[in-house]
Amino acid sequence: MIVGMDFGTTNSGLAVFDDHVKLIPIDSRNPSAPHVVRTTLYISRHYEHYIGRRAIDEYYERNQGRPIKLRKQHVGTIELNYASLGTFYRDVFVWVDELEPGRLFRSMKTYLADEDFLGTSVWGRFYTMEDLVSVFLYLSKVQAEKELGKELTEIVLGRPVRFATDPEADTLAEERLARAAILAGYERVHFALEPVAAAFHYQQSLTSSQRILVFDFGGGTLDITIMEMDGSGKRRVLSTEGVRIAGDAFDKQIVMAKLARHFGAELR
């Protein structure tokens, strides 16, 4: 059995096809739409892993009313080069909350194309970018197998038209996502362009030839595709393109314009 997955920046979902598309309920904490799972990962101090609504609930429940203990921690050294003064080295420190109960990760898909983001340390254990994504894919896979009563070994993953404008970064993102799926337990991994996959679904309802435009506005990317198709299964992609501007960028602007000042952004 091959499962299809929309691994999104904000939300994700899984489905199988048996004469029609069957969405798999994988998030019981989202009763209004259990087939939609928030693309979030929570890792507790004791390395418990939760995804979706459960991840968000754990983050808030464990942080409400808790004490805070800050400690200055050395994280590395940076090199500063000045034409007239030469080279200087400076130690870099950050403030760490020693009592932090866990880490919440969101918008992981956005960083797949970032070659400078190799991963992060979670209380002494290093998680690569692939590790973080693979945990999300694995826990989704486990829940899907429970619902279907079958083992899943093959997956079709949706991907944006462009993870990044740089071809090398785009390739890196796809390779990372493929490795994450293998780490999650899938033996074979395929990719499909997200806007084209959306057009395939629409084609099932067609009875005549049409030229359609797919507008896929996600959390991290915006994809536009123009296709010709008919009710017999014939289809042709006329044009497809994507940019890395979408919901996250709008969210950031709203936060900076309306919320940041309430958290001290204008203070010196």
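Worth knowing before you read on, the calculation uses all heavy atoms, side chains too, and leaves out hydrogens, waters and symmetry mates. The structure presented is a predicted model; accordingly, all values stated were derived computationally and were not measured.
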Q: Going by atom types only, do Thr110 and Arg244 share a side-chain donor-acceptor pair under 3.5 Å?
A: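 Side chains of Thr110 and Arg244: no pair found under 3.5 Å.
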Q: Do Phe93 and Ile68 sit in the same hydrophobic cluster, where Ile, Leu, Val, Met, Phe, Trp and Tyr count as joined when their side-chain heavy atoms come under 4.5 Å apart?
A: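 Different clusters.
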Q: Is any side-chain heavy atom of Val243 less than 4.5 Å from a side-chain heavy atom of Arg162?
A: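 They are not in contact (no side-chain heavy atoms under 4.5 Å apart), so the answer is no.
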Q: Donor-acceptor pair, Gln203 side chain versus Asp230 backbone, under 3.5 Å?
A: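 Checked: pair present.
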Q: For the side chain of Arg159 and the backbone of Val161, is there at least one donor-acceptor N/O pair under 3.5 Å apart?
A: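 Checked: pair present.
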Q: Considering all heavy atoms of both residues, which atom of Met129 and which atom of Met108 are nearest to each other, and what is their separation?
A: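 The answer is CE-O, 3.4 Å.
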Q: State, to 0.1 Å, how close Val37 and Gly52 come at their nearest heavy-atom pair, and which atoms those are.
A: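 Taking Val37 first and Gly52 second, the nearest heavy atoms are CG2-CA, 3.6 Å.
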Q: Tell me the closest heavy-atom pair linking Met5 and Ser12, and the distance in Å.
A: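 Heavy atoms of Met5 and Ser12 come nearest at CE-CB, 4.2 Å.
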Q: Just wondering, do Asp248 and Arg106 contact through their side chains at under 4.5 Å, heavy atoms?
A: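 With C-beta onward as the side chain, the pair touches.
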Q: When rounded to the nearest 0.5 angstrom, what distance separates OG in Ser140 from CD1 in Ile51?
A: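 Separation between the atoms: 3.5 Å.
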Q: Assess whether atom OH of Tyr50 is packed by more than 12 heavy atoms of other residues, nucleotides or ligands within 6.0 Å.
A: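 Enclosed.
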Q: Check this for me: Leu99, atom CG, are more than 12 non-hydrogen atoms of other residues, nucleotides or ligands nearer than 6.0 Å?
A: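 Correct, the count exceeds 12.
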Q: Quick one: salt bridge (charged side-chain N to carboxylate O under 4.0 Å, His left out) partners of Lys72, sequence neighbours excluded?
A: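 Applying salt bridge (charged side-chain N to carboxylate O under 4.0 Å, His left out) to Lys72 gives none.
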Q: State whether Arg179 and Glu174 are salt-bridged, where the test is any N-O pair (Lys NZ or Arg NE/NH1/NH2 against Asp/Glu carboxylate O) under 4.0 Å.
A: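 Looking at Glu174 together with Arg179, the answer is no, because their closest N to O distance does not fall below 4.0 Å.
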Q: Just wondering, do Met229 and Ile212 contact through their side chains at under 4.5 Å, heavy atoms?
A: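 They are in side-chain contact.
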Q: Please tell me if the side chains of Arg103 and Tyr127 come closer than 4.5 Å, counting only heavy atoms from C-beta onward.
A: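 The answer is no; the side chains never approach within 4.5 Å.
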Q: Begin with the C-alpha distance, continue with both residues' side-chain angles, and end with the deciding distance and a verdict on side-chain contact (heavy atoms from CB on, under 4.5 Å) for Tyr186 and Thr153.
A: CA-CA 4 Å; Tyr186 292 104; Thr153 60; 5.8 Å; no
Q: Taking Arg176 for its side chain and Leu112 for its backbone only, find out whether a donor-acceptor pair lies under 3.5 Å.
A: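 Checking the backbone N and O of Leu112 against the side chain of Arg176, a donor-acceptor pair under 3.5 Å is found.
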Q: What pairs meet the side chain to side chain donor-acceptor pair (under 3.5 Å) rule with one or both residues in residues 211-224, with sequence neighbours excluded?
A: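 Residue pairs passing side chain to side chain donor-acceptor pair (under 3.5 Å), neighbours aside: Arg211-Glu228.
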Q: How many angstroms lie between CD1 in Ile224 and OG1 in Thr240, if you round to the nearest 0.5 Å?
A: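 Here the interatomic distance stands at 8.5 Å.
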Q: How about OH on Tyr89, more than 12 heavy atoms from neighbouring residues, nucleotides or ligands closer than 6.0 Å, or not?
A: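 Not buried by this count: 12 neighbours or fewer within 6.0 Å.
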Q: Can you give me the closest heavy-atom contact between Val3 and Ala15, atom names plus distance?
A: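 Val3 and Ala15 have their closest heavy atoms at CG2-O, 3.4 Å.
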Q: Holding to ring-ring contact (aromatic ring centres under 6.0 Å, His included), I want the full list of residues that pass it with Phe7, two or more places apart in sequence or in another chain.
A: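 In terms of ring-ring contact (aromatic ring centres under 6.0 Å, His included), with neighbours along the sequence ignored, Phe7 is linked to Phe136.
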Q: Donor-acceptor check, side chain of Thr77 to backbone of Asp91, threshold 3.5 angstrom: yes or no?
A: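 No; judged by distance alone, with no hydrogens or angles, the pair does not exist.
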Q: Taking atom CG of Leu213 and atom CD1 of Ile226, what is their separation to the nearest 0.5 Å?
A: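 The CG atom of Leu213 sits 5.0 Å away from the CD1 atom of Ile226.
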Q: To the nearest 0.5 Å, how far apart are CG in Leu152 and CD1 in Ile24?
A: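 Reported value, rounded in 0.5 Å steps: 6.5 Å.
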Q: Quiz question: by atom type and distance under 3.5 Å, do the side chains of Tyr42 and Glu48 form a donor-acceptor pair?
A: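 Looking only at side-chain atoms, Glu48 and Tyr42 do not form any donor-acceptor pair under 3.5 Å.
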Q: Does this structure show an ion pair linking Asp97 with Lys69, if we count only N-O contacts that are shorter than 4.0 Å?
A: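 The answer is no: the pair does not qualify as a salt bridge.
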Q: To the nearest 0.5 Å, how far apart are CG in Asp114 and CG in Leu172?
A: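 Rounded to the nearest 0.5 Å, the CG-CG separation comes to 8.5 Å.
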Q: Would the number of heavy atoms belonging to other residues, nucleotides or ligands and lying under 6.0 Å from NE2 of His190 be above 12?
A: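 Counting other residues, nucleotides and ligands, NE2 of His190 exceeds 12 neighbours.
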Q: Check the side chains of Ser134 and Asp131 for a donor-acceptor pair under 3.5 angstrom, ignoring hydrogens and angles.
A: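 Result is no, nothing qualifies.
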Q: Is any side-chain N of the basic residue among Glu100 and Arg66 closer than 4.0 Å to the acidic one's carboxylate O?
A: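 Looking at Arg66 together with Glu100, the answer is no, because their closest N to O distance does not fall below 4.0 Å.
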Q: Within a strict 4.5 Å, meaning less than it, do heavy atoms of the Leu177 and Phe191 side chains meet?
A: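 Answer yes - side chains close enough.
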Q: Taking C-beta and beyond as the side chain, do Arg54 and Asn30 meet within less than 4.5 Å on heavy atoms?
A: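 Side chain of Arg54 against side chain of Asn30, heavy atoms only: no contact under 4.5 Å found.
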Q: As a quick check of understanding, evaluate side-chain contact (heavy atoms from CB on, under 4.5 Å) for Phe163 and Thr171, giving each step before the final call.
A: CA-CA 8 Å; Phe163 280 105; Thr171 299; over 6 Å; no
Q: Determine yes or no for a side-chain-to-main-chain donor-acceptor pair under 3.5 angstrom, with Asp170 supplying the side chain and Asp166 the backbone.
A: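 Pair absent, no side-chain N/O of Asp170 close to backbone of Asp166.
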Q: State the CG-CG distance between Leu157 and Leu137, to the nearest 0.5 angstrom.
A: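 Taking CG in Leu157 and CG in Leu137, the distance rounds to 6.5 Å.
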Q: Under 4.5 Å side-chain heavy-atom separation, chaining through any Ile, Leu, Val, Met, Phe, Trp or Tyr, what else clusters with Leu23? Say none if it is isolated.
A: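 Under the 4.5 Å side-chain rule, Leu23 groups with Phe17, Val21.
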Q: Determine all donor-acceptor pairs shorter than 3.5 Å in which one atom belongs to a side chain in residues 255-265; sequence neighbours excluded.
A:
{"unit_1": "Arg261", "atom_1": "NH1", "unit_2": "Ala257", "atom_2": "O", "d": "2.9"}

Q: Would you name the heavy atoms of Ser44 and Arg62 that are closest together and state the gap between them?
A: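 For Ser44 and Arg62, the tightest heavy-atom pair comes out as CB-NH1, 3.3 Å.
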Q: Tell me whether Arg53 is salt-bridged to Asp57, with the criterion being a basic N under 4.0 Å from an acidic carboxylate O.
A: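 Yes, Arg53 and Asp57 are salt-bridged.
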Q: Looking at Arg45, I want to see if its CZ is surrounded by more than 12 non-hydrogen atoms of other residues, nucleotides or ligands under 6.0 Å.
A: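 Correct, the count exceeds 12.
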Q: If you measure from the Lys or Arg side-chain nitrogens to the Asp or Glu carboxylate oxygens, is any gap between Lys109 and Glu194 under 4.0 Å?
A: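 A salt bridge is present here (some side-chain N lies under 4.0 Å from a carboxylate O).
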Q: Around Phe200, counting heavy atoms of other residues, nucleotides and ligands shown, do more than 12 lie under 6.0 Å from its CZ?
A: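 Yes - once you tally the heavy atoms of other residues, nucleotides and ligands closer than 6.0 Å, there are more than 12.
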Q: Do Leu183 and Glu130 pass the side-chain contact (heavy atoms from CB on, under 4.5 Å) test, and can you show the C-alpha distance, the side-chain angles, and the key distance before you say yes or no?
A: CA-CA 8 Å; Leu183 288 172; Glu130 291 91 330; 4.1 Å; yes
Q: What's the verdict on side-chain contact (heavy atoms from CB on, under 4.5 Å) for Thr39 and Thr10, showing C-alpha distance, side-chain angles and the deciding distance?
A: CA-CA 5 Å; Thr39 312; Thr10 307; 5.8 Å; no
Q: I want to check something: taking the side chain as every heavy atom from C-beta on, are Thr225 and Leu193 in contact at a cut-off of under 4.5 Å?
A: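 No, side chains not in contact.
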Q: So, His49 side chain and Tyr47 main chain: donor-acceptor pair closer than 3.5 Å or not?
A: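 A pair under 3.5 Å: yes.
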Q: Keeping to residues at least two apart or across chains, list the ring-ring contact (aromatic ring centres under 6.0 Å, His included) pairs with something in residues 95-125.
A: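 Checked against ring-ring contact (aromatic ring centres under 6.0 Å, His included) - neighbours excluded - the pairs reaching residues 95-125 are Tyr111-Phe117.
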Q: Any idea which heavy atoms bring Asp27 and Arg38 closest together, and the distance?
A: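 Minimum heavy-atom separation between Asp27 and Arg38: OD2-N, 4.3 Å.
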Q: Contact between Thr87 and Glu79 at the side-chain level, heavy atoms closer than 4.5 Å - yes or no?
A: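 Yes, close enough: below the 4.5 Å cut-off.
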